[in-house]
Amino acid sequence: MTSSYIPAPAGDSDGYDPAAIESKWRERWQTRGTNKVDIAGGERPFYALMMFPYPSAEGLHVGNLFAFTGNDIYGRFQRQQGHTVFEPLGYDAFGIHSENYALKVGEHPMRLIPKNIANFRRQLERAGLMVDWSKSLDTTAPDYYKWTQWVFLQLYQRGLAYKKKAAVNWCPSCKTVLANEQVIAGACERCGTLVEQRLLEQWFFRISDYAGRLLDNLDTLDWSDTTRTAQRNWIGRSEGARVVFRVTSGEEITVFTTRPDTIFGATYLVLAPEHPLVDALTTDAQRADVSAYRDRATKQDLVSRKSTREKSGVLTGARAINPATGDEIPIWIADYVLMEYGTGAIMAVPGHDERDFDFATVFGLPIVRVVAAPDEGVDTLLAAAFTEDAGGHLVNSRQFDGLAVAEAKQAVTTWLAGQGAATAVTNYRLHDWCISRQRYWGPPIPVIYCDACGPQPVPERDLPVVLPDIPDFRPDDSGVSPLARHAEWFHVACPACGGAGRRETDVSDTFLDSAWYFLRYPSVGDDRVPFDSSITKKWLPVNSYIGGNEHAVLHLLYSRFITMVLHDMGHLAFEEPFTRFRAHGLIIREGAKMSKSKGNVVNPDAFIDQWGADAFRTYLMFLGPYEEGGDFRDAGISGVRRFLERLWLAAELASTDGEPDPAVLRKLHQTIAKVSHDIPRLSYNTAIAAMMEYMNVLRKGERTPHRSEVEPVVQLVAAFAPHIAEELWERFGHEASVFDSGWPAFDAELARDESVQLAVQVNGKLRGTLTVAREIPQEEALALALAEPGIAKHLTGPTRKVIFVPGRLLNLVV
RNA sequence: GCGCGGGUGGCGAAAUGGUAGACGCGGGGGACUUAAAAUCCCCUUCGGGCAACCGAAUGCGGGUUCGAGUCCCGCCCCGCGCACCA
C-alpha cells in the first residue's frame with residue numbers, strides 16, 4: 001500500500017501556497033455547495049449564530065473577523081460532530097451611522113449601502129467562513145423591513161406600543177434624538193455638541209411590563225455570567241413600598257422607598273420638578289421661586305442634570321403629614337429626584353440616605369436617627385448618613401424600636417398598609433423602549449393618522465411601507481422627520497375611512513431591526529410570513545450565539561423581549577431566543593483599542609495577502625483567550641504560519657511504510673482529547689498550542705511521519721484553517737469534504753502514559769522528580785524518593801506526615 | 001461612587017489547590033550550506049555559583065493549607081459598563 005499522494009519531484013517541490021489553495025477551495029465550496037444548508041431536511045440541526053455586522057464604508061474590521069472566526073470554528077466543529085450546521089450572516093445596515101456617513105460623503109444611502117455590502121461580502125468570503133450566503137439578509141431591504149413593520153404591528157395590537165410625550169436628549173448638530181447611552185458627559189457621542197432637552201411625541205414599547213420575566217428567566221440561560229449580571233443590573237429590580245403622604249391641603253403624594261423602616265426619620269418630602277402635582281401644591285408665596293427653578297431644570301440637558309452632585313431645590317410651601325409620626329413636614333422640589341424613576345417623589349430620610357443628608361445639610365433641615373448600629377445609642381450623633389442595614393436596629397420609632405432593619409421593613413410596611421397608607425411593591429429601573437427616530441434611514445413606522453379615526457395601524461396587506469428614495473434626506477431642526485417633507489408619500493388614505501390621512505414620519509430604532517433577525521435567517525426567501533413555523537420549530541431557539549459584550553444589555557434584552565411577546569401571541573413556541581450566549585473579547589493592538597485616530601487599525605486584506613486566510617484566522621484565535629480578546633502584534637503571525645507550513649510538509653512527506661510510532665500516537669491521542677475538550681469551551685488558543693506541541697513531536701529531528709500520524713491532525717486543524725485542511729484531505733485521497741469526515745476517534749488506551757514524572761517535595765518545596773510507573777503505590781514511591789541523595793539530604797528530621805497524590809506528587813513533612 | 005473583568009518572563013500568554021512560565025514571538029548558540037534562506041538541534045524568569053546546586057519570584061500586605069497564581073480578608077493599579085435609581 002502506498003500513499004495516494006505522490007510527492008512532487010525534488011527541485012520542483014510544490015510548497016504551501018495559501019493564495020492558490022484558498023482561491024481553489026473558495027470556488028470548490030461554491031460549486032459543490034459545501035456550505036449550503038439543507039434547511040428542511042438537514043439532520044441534527046445546529047444554529048450557530050453570530051451578531052451581524054454594520055457594513056461600514058471602511059470595510060471589515062479585524063474585530064469583526066475575530067468574532068466571526070471564533071463562531072465559524074465552533075460551527076465547523078459542530079458539523080464535524082455530525083450536526084447540520086446553519087451559520088448565516090447578514091447586514092445591519094440601517095441607522096444613523098450610515099445616514100451620517102452618507103451625508104458626509106454626499107451619496108445617498110440607497111446607493112452607498114449596496115456598495116459597502118458588496119465590499120464586506122468580498123472580504124468575508126476571503127476569510128473562509130462556512131456561511132450559507134443563500135440565506136443572507138439585509139435589514140434595509142424592503143422584503144426584510146416589511147416584517148420589521150409587521151413586528152411593530154404585533155406589539156401595537158397587543159397594546160405594547162404606545163405614544164407619549166417624553167423629554168429626550170436632542171443633539172442640535174445631528175438633529176436627532178439620542179439615547180442616554182449616546183450622550184457622553186452632556187455631549188453627543190458622535191459630534192461632541194452639547195445636548196439639549198426636548199419634549200417630543202414618541203413611540204414606546206412597554207418592555208417594563210416584562211421586567212420581571214426578563215429578570216427571572218436569566219437564571220435558566222447558559223450565558224456568560226458577565227452578560228447576565230449586566231442585564232440584571234440594567235433591569236434593576238428593587239423591593240420596597242409605595243407610601244401615601246396626605247398633604248394638609250387635601251392632595252395625596254405617593255412616594256416609592258426601599259427603606260420603609262426609616263419612615264419615622266422622614267423629615268421632608270421631595271418631588272421631581274416635573275411632578276404633575278407641583279402646580280397644585282405650590283403656595284402663592286413660593287410660586288415665583290418654584291417656576292424659576294422648574295424653568296432652570298427643564299432647560300438643562302438630561303445628562304448634565306443627572307451628573308451634577310451639588311444639591312439644589314426650593315420649597316413649595318405645602319406641608320404633608322408623615323403617616324408614621326403624625327408630624328407635619330415640608331414639601332420641596334429638587335432636581336435630584338427623577339421623574340422617570342419610582343413615582344417621581346420621595347420621602348427624605350436624611351439620617352439614612354446620603355443624598356437626603358447632603359440636601360438637609362445644605363438647607364438646614366432636621367436630621368433624625370432612626371437606625372443604630374449595635375454600639376450606637378439613640379442619640380449618637382450622625383456625622384454622615386448611616387446607610388448600612390446589616391446589624392442595625394430601629395430607634396426613635398416607637399413600637400418598632402429594637403427591631404432589626406430587615407424585619408422592620410416588613411413590619412412597618414404591614415403596619416402602614418393596615419392604615420391604607422402603604423403597599424409593598426417591586427420597582428424596576430428598566431424603562432420603556434423609545435423606538436422613534438426623527439430621521440430618514442430606517443423603516444417607516446407603519447401608522448397612519450386620520451383626523452376622523454385617530455391613529456390607525458397600516459393593514460398587514462399594505463406592508464411594507466416603503467421608504468421613499470428621496471434626494472433630500474437631511475434632518476432639520478424642526479424635530480420632524482425628513483419624510484414629512486415628501487408630500488406624495490406623506491399624504492395617504494386612511495385605512496379605516498378612506499379619508500385624508502397622514503403617515504407617521506418617524507422611522508424605527510435599528511435595535512428593532514436586530515431584535516428579530518435571527519428568526520428570519522432560516523426562512524429567508526419566504527415572502528408569505530416573517531418566519532415559517534415548521535422551519536422555526538426545527539431551527540430555533542438558537543443553539544449558540546456569539547457576539548460582543550457591547551451588546552450585552554440593549555440588543556440582547558430587546559431580542560429577548562420581542563421573542564417573549566411573539567411567544568405570548570402564539571407565534572413562537574419558546575420565549576428565550578438564545579439558549580447559549582458567549583461574549584467574545586476585544587482585539588487591541590499595542591495595548592490600545594484599534595481606532596482610525598490612533599492609526600493602529602489592521603487591514604485584514606493586507607494580512608491575508610501576505611500570510612493567507614488560514615494563518616490569519618489561526619493567529620487571531622491564538623492571540624489569547626477568545627472570551628477575553630488579545631493583543632494583535634504583527635510579528636506573532638509568523639509562528640502560526642510556520643505551524644501550517646510544517647503541517648503541509650508533514651503531509652507531503654507522510655509515508656505508509658512501517659508502523660506509526662507508539663510515542664507519537666500517544667501524543668496524537670492526547671492532542672485529540674485536548675482539542676475536543678477546548679473547542680466547546682472556546683479555548684481556541686490552548687487548542688492551537690496543543691496542535692503545535694504535537695507538530696513538534698511529529699517532526700522531531702526531521703523524522704518522516706507515518707500517514708496515520710498526520711491524517712487526524714488535518715481533521716483537528718480543519719475548523720481553524722479550513723482551506724489547507726481541505727487541500728491536504730484531498731491529497732490524502734478523500735473525495736468528500738473534510739468537514740463531512742467526522743472527528744478523529746479518541747483512544748484512551750493509546751493516550752495513556754505508562755510512566756509519569758512524580759514531583760517530590762519536602763515541606764512543600766520541590767526537591768526532585770522521579771520518573772515512575774503511572775500506578776506506583778505510595779510505599780514504592782517513598783522508597784525511591786528516600787534512595788535519591790538529592791532528596792534525602794533535605795530530610796533533616798523524622799518524617800511527620802506523607803502526602804501522596806497518585807501519579808503527581810509526593811510531599812514529605814519533617 | 002457602584003457593578004463586572006484583569007494584573008504571571010523582554011513580549012502575547014499557559015497552569016481540575018499539587019513540578020509556575022506549556023505554546024508562540026523576540027533573543028543567543030550550533031548542525032546542514034561555498035554562502036544565504038528554509039529546516040533541524042540546544043539555551044533563554046531573576047540573583048548567586050565553574051558546576052552539581054542554592055535562593056527569590058505570579059500587583060502589595062495578611063490568612064487558611066502538608067502545599068496557594070488559584071481559596072479567604074484588607075489594600076493598590078489598569079480596562080470596561082452604569083451612574084443622584086430613592
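Reminder, nothing fancy here: chain letters follow the sequence lines and each chain counts from 1. The figures that follow rest on heavy atoms only: side chains count, while hydrogens, waters and symmetry mates do not.
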Colleague: For the side chain of A/F622, starting at C-beta, report the closest nucleotide among B/A86, B/G24, B/C84.
Modeller: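 Selected nucleotide (nearest to the side chain): B/G24.
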Colleague: Between A/R633 and B/G24, does any side-chain N or O lie under 4.0 Å from OP1 or OP2?
Modeller: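 Indeed not, no polar side-chain atom of A/R633 lies that close.
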Colleague: I want to verify a distance call: between B/C82, B/C25, B/C66, whose nearest atom is closest to the A/V813 side chain?
Modeller: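 Of all the options, the side chain of A/V813 is nearest to B/C66.
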Colleague: Looking only at atom C1', what distance separates B/A15 and B/G30, rounded to whole Å?
Modeller: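 It comes out at 32 Å once rounded to the nearest Å.
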Colleague: Is A/N427 touching bases, backbone alone, or none of the nucleic acid, heavy atoms closer than 4.0 Å?
Modeller: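 No contact at all - A/N427 keeps every heavy atom at 4.0 Å or more from the nucleic acid.
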Colleague: Please find the pair of heavy atoms, one from A/D356 and one from A/M347, that lie closest to each other, and give the distance.
Modeller: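 Closest pair (atom of A/D356, atom of A/M347, distance): OD2-O, 4.0 Å.
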Colleague: Just call it for A/H794: base, sugar-phosphate, or nothing, with non-hydrogen atoms closer than 4.0 Å on any strand.
Modeller: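 Result for A/H794 = sugar-phosphate.
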Colleague: Report the nucleotide, chosen from B/C40, B/C53, B/U19, that has the shortest atom-to-atom distance to any side-chain atom of A/R646.
Modeller: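 Nearest to the side chain of A/R646 among the choices is B/C40.
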Colleague: Looking at A/W332 versus A/F359, is the centre-to-centre ring distance below 6.0 Å?
Modeller: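 When the ring centroids of A/W332 and A/F359 are compared, they turn out to be within the sub-6.0 Å range.
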Colleague: Please determine whether a side-chain nitrogen or oxygen atom of A/K765 lies at a distance below 4.0 Å from atom OP1 or OP2 of B/A57.
Modeller: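 A/K765 to B/A57 OP1/OP2: no side-chain N or O under 4.0 Å.
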Colleague: Pick the closest RNA chain B nucleotide for A/G342 and for A/K793 by heavy atoms, then say which residue is nearer the 5' end.
Modeller: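 The residue mapped nearer the 5' terminus is A/K793.
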Colleague: Rounded to whole angstrom, note down the C1' distance from B/C11 over to B/G21.
Modeller: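 Nearest-Å result for B/C11 against B/G21 at atom C1': 13 Å.
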Colleague: With RNA chain B as reference, determine whether A/S683 or A/T769 sits nearer its 5' end, using the nearest nucleotide of each.
Modeller: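 Taking each residue's closest nucleotide, the earlier one in sequence belongs to A/S683.
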Colleague: Taking only the side-chain nitrogens and oxygens of A/R232, find out if one of them lies under 4.0 Å from OP1 or OP2 of B/G81.
Modeller: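 False: A/R232 side-chain N/O out of range (4.0 Å or more) of B/G81 OP1/OP2.
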Colleague: Mind listing the closest non-hydrogen atom pair of A/Y619 and A/D631 along with its distance?
Modeller: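 In this case the closest contact between A/Y619 and A/D631 is OH-O, 4.3 Å.
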Colleague: Using residues 694-701 of chain A as the side-chain source, report each donor-acceptor pair under 3.5 Å to any protein atom, sequence neighbours left out, with the distance given to one decimal.
Modeller:
residue, atom, partner, partner atom, Å
A/Y694, OH, A/E709, O, 2.6
A/N696, OD1, A/R646, NH2, 2.3
A/R699, NH1, A/R703, O, 2.8

Colleague: Out of B/C82, B/G12, B/C25, which nucleotide sits closest to the side chain of A/R429?
Modeller: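 Side chain of A/R429 sits closest to B/C82.
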